[in-house]
Number of protein chains: 2
Amino acid sequence: MSQMLQIHDQLREMILSLDLGPGERLTERWLESRFEGSRTPIRAALVRLEGEELVRRDGRNWIVAPIDLGELEALAEFRIPLETTAVRLACARASAADIAGVEEMLDACQSGAPREEWHRVGTDFHVEIARLSGNPFIVKAIAGAMTRLSRARWLEVWTEPSREQAWREHRRILGFIKANDPDSAAREAADHITDTRDRLLRSLNEDRRGLRARGFAVIGLR
Amino acid sequence: MSQMLQIHDQLREMILSLDLGPGERLTERWLESRFEGSRTPIRAALVRLEGEELVRRDGRNWIVAPIDLGELEALAEFRIPLETTAVRLACARASAADIAGVEEMLDACQSGAPREEWHRVGTDFHVEIARLSGNPFIVKAIAGAMTRLSRARWLEVWTEPSREQAWREHRRILGFIKANDPDSAAREAADHITDTRDRLLRSLNEDRRGLRARGFAVIGLR
DNA sequence: AATCCCGTTTTGGGATACCAGTATTGTCCC
DNA sequence: GGGACAATACTGGTATCCCAAAACGGGATT
């Protein structure tokens, strides 16, 4: 694989895992030494990441895209029509094998699993459901939305019951798709997105102090 | 403005105007002489355009993204839930001044206007409506969808009546938003997207011969 | 005439060199 | 000690250079 793609993926991972703080400045020279490559592939990776909005320009400088918690509502508003459409289409189009694949993914995440695993599966579930719709534009849009959501979800204080609740909702959505009940699946999906948003916002609000202590600007959080 | 952005914008325009044929190979050296800049900014522009899916890699080469007419259905399927949501939100949120702005845009496109003008306004209308929703994610998604549609719409054989029909539908949508009738606006928007898709597909089907003569692969067109 | 093969050319990927602008720092004067 | 200012260090933007690999071409062979 080309060096640029390696750098892109690694940097992406570092950003999404909060290894690099939101808003943190990135100089091409630092990245040069960090990844032991020249500025050429590094610049390409940065331009690419800029397209994914994981990196942004601040004047002439590069910075890790800040987390704007104020966009959480808009994100839910965006996801609801898309994901309800996705599950409806999934009911019409997904094969039993496709559905089983997603089910398996959920099963693989047992209660002993590490935090990263829960985080990843919780994101991938929505993308995989979107994939069942067979519409690549929906898939990409949902994947992008989940990426933007991803870092804020690390900040969330996950309690066992809230996590269990989310998983129950995932299973219910999948169950309705399996049962070929598009209306219920769509209702469940919309409710899940709303619930998740509220859980997230509540958690972040309760933990404002903790967030600030960890150096996160709590901008846009009402 | 940086040279890279200039190159990006010019190249983008050349692609969207079909100045560069879909599938056409782009060598960095040709672009170098064409834009009188070195490969560095050109490569950055290409990476950027790749993110917008206007340019693609074919092995090691760069090519102008082909037009896949088969994705027209998926695109409509994607737009309908988003744009119906957008008009509903617009009803709730758009100010009279905002609406008047869009109205003005439609008015500015009189029957004597050049083809480019119709094309541009026909695209921008949907983006502006999305903007009235106040949701930036919806705006960006619609803008991206309209970009992908853009080139196929150049291929369309525009008859006077079909163009008039589209404009009537635009006005109707806007009228319902103005009248604060979200249900009608949403229905009208969905119908418009479906109608437009059908008009486009019919036109392209009738003109297959013409398309091929102009060098366009009619892939994915049923 | 078709095909294979090898040298040449051209390509994109990466590294480096250079520049102009900007921020920083250190210093000198008050 | 504090503020103005100049030298300096560092940044991203661009141009150029080098390389390996892929594409191309042309001639020899069948």
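Lettering of chains follows the sequences in order, A, B, ..., and the numbering in each one begins at 1.
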Within-4.5 Å side-chain heavy-atom neighbours: V47(B) and L49(B): no
Short side-chain N/O contact to dT14(D) OP1/OP2 from Q3(B), under 4.0 Å: yes
Pair R153(B)-T123(B), side-chain donor/acceptor within less than 3.5 Å: yes
Modelled atom types, side-chain donor and acceptor of E13(A) and H8(A), under 3.5 Å: no
Interatomic distance, [X] [atom1] vs [N] [atom2] [rounded to whole Å]:
X: M1(A); N: dG13(C); atom1: CE; atom2: P; result: 14 Å
X: E32(A); N: dG12(D); atom1: CD; atom2: P; result: 10 Å
X: L5(B); N: dG13(D); atom1: CG; atom2: P; result: 9 Å
X: I7(B); N: dT14(D); atom1: CD1; atom2: C1'; result: 10 Å
X: E28(A); N: dA15(C); atom1: CD; atom2: C1'; result: 14 Å
X: I42(B); N: dA15(D); atom1: CD1; atom2: P; result: 9 Å
X: R39(A); N: dC10(D); atom1: CZ; atom2: C1'; result: 11 Å
X: R29(A); N: dA9(D); atom1: CZ; atom2: C1'; result: 11 Å

N/O donor-acceptor pair, side chain R43(A) with base dG14(C), under 3.5 angstrom: no
Toward the 5' end of DNA chain D, by each residue's nearest nucleotide, R25(B) or G37(B): G37(B)
Residue S2(A), side-chain atoms from C-beta onward, closest of dG13(C), dT14(D), dA15(C): dG13(C)
NZ or CZ of R57(A) within 45° of W62(A) ring axis and under 6.0 Å: yes
Presence of salt bridge, R148(B) and E52(B), under 4.0 angstrom: no
Stepwise side chain to side chain contact (heavy atoms under 4.5 Å, CB included) test for I42(A) and E32(A): CA-CA 7 Å; I42(A) 283 168; E32(A) 196 174 351; 4.1 Å; yes
5′-ward residue of the pair E36(A)/T27(B) relative to DNA chain C: T27(B)
Comparing W30(B) and S38(A) on DNA chain C - which has the more 5′ nearest nucleotide: W30(B)
Backbone of A190(B) reached by a side-chain donor or acceptor of R79(B) within 3.5 Å: no
Within residues 44-62 of chain B, residues whose heavy atoms come under 4.0 Å of DNA chain C: R57(B), R60(B)
Dot-bracket line, read 5' to 3' along DNA chain C, where crossing pairs take [ ] and | marks a partner on another strand, Watson-Crick or G-U under 3.5 Å: ||||||||||||||||||||||||||||||
Results of ring-ring contact (aromatic ring centres under 6.0 Å, His included) for W167(A) - residues two or more places apart only: W118(A), H170(A)
Euclidean distance, K140(A) NZ relative to T147(A) OG1, rounded to 0.5 Å: 11.5 Å
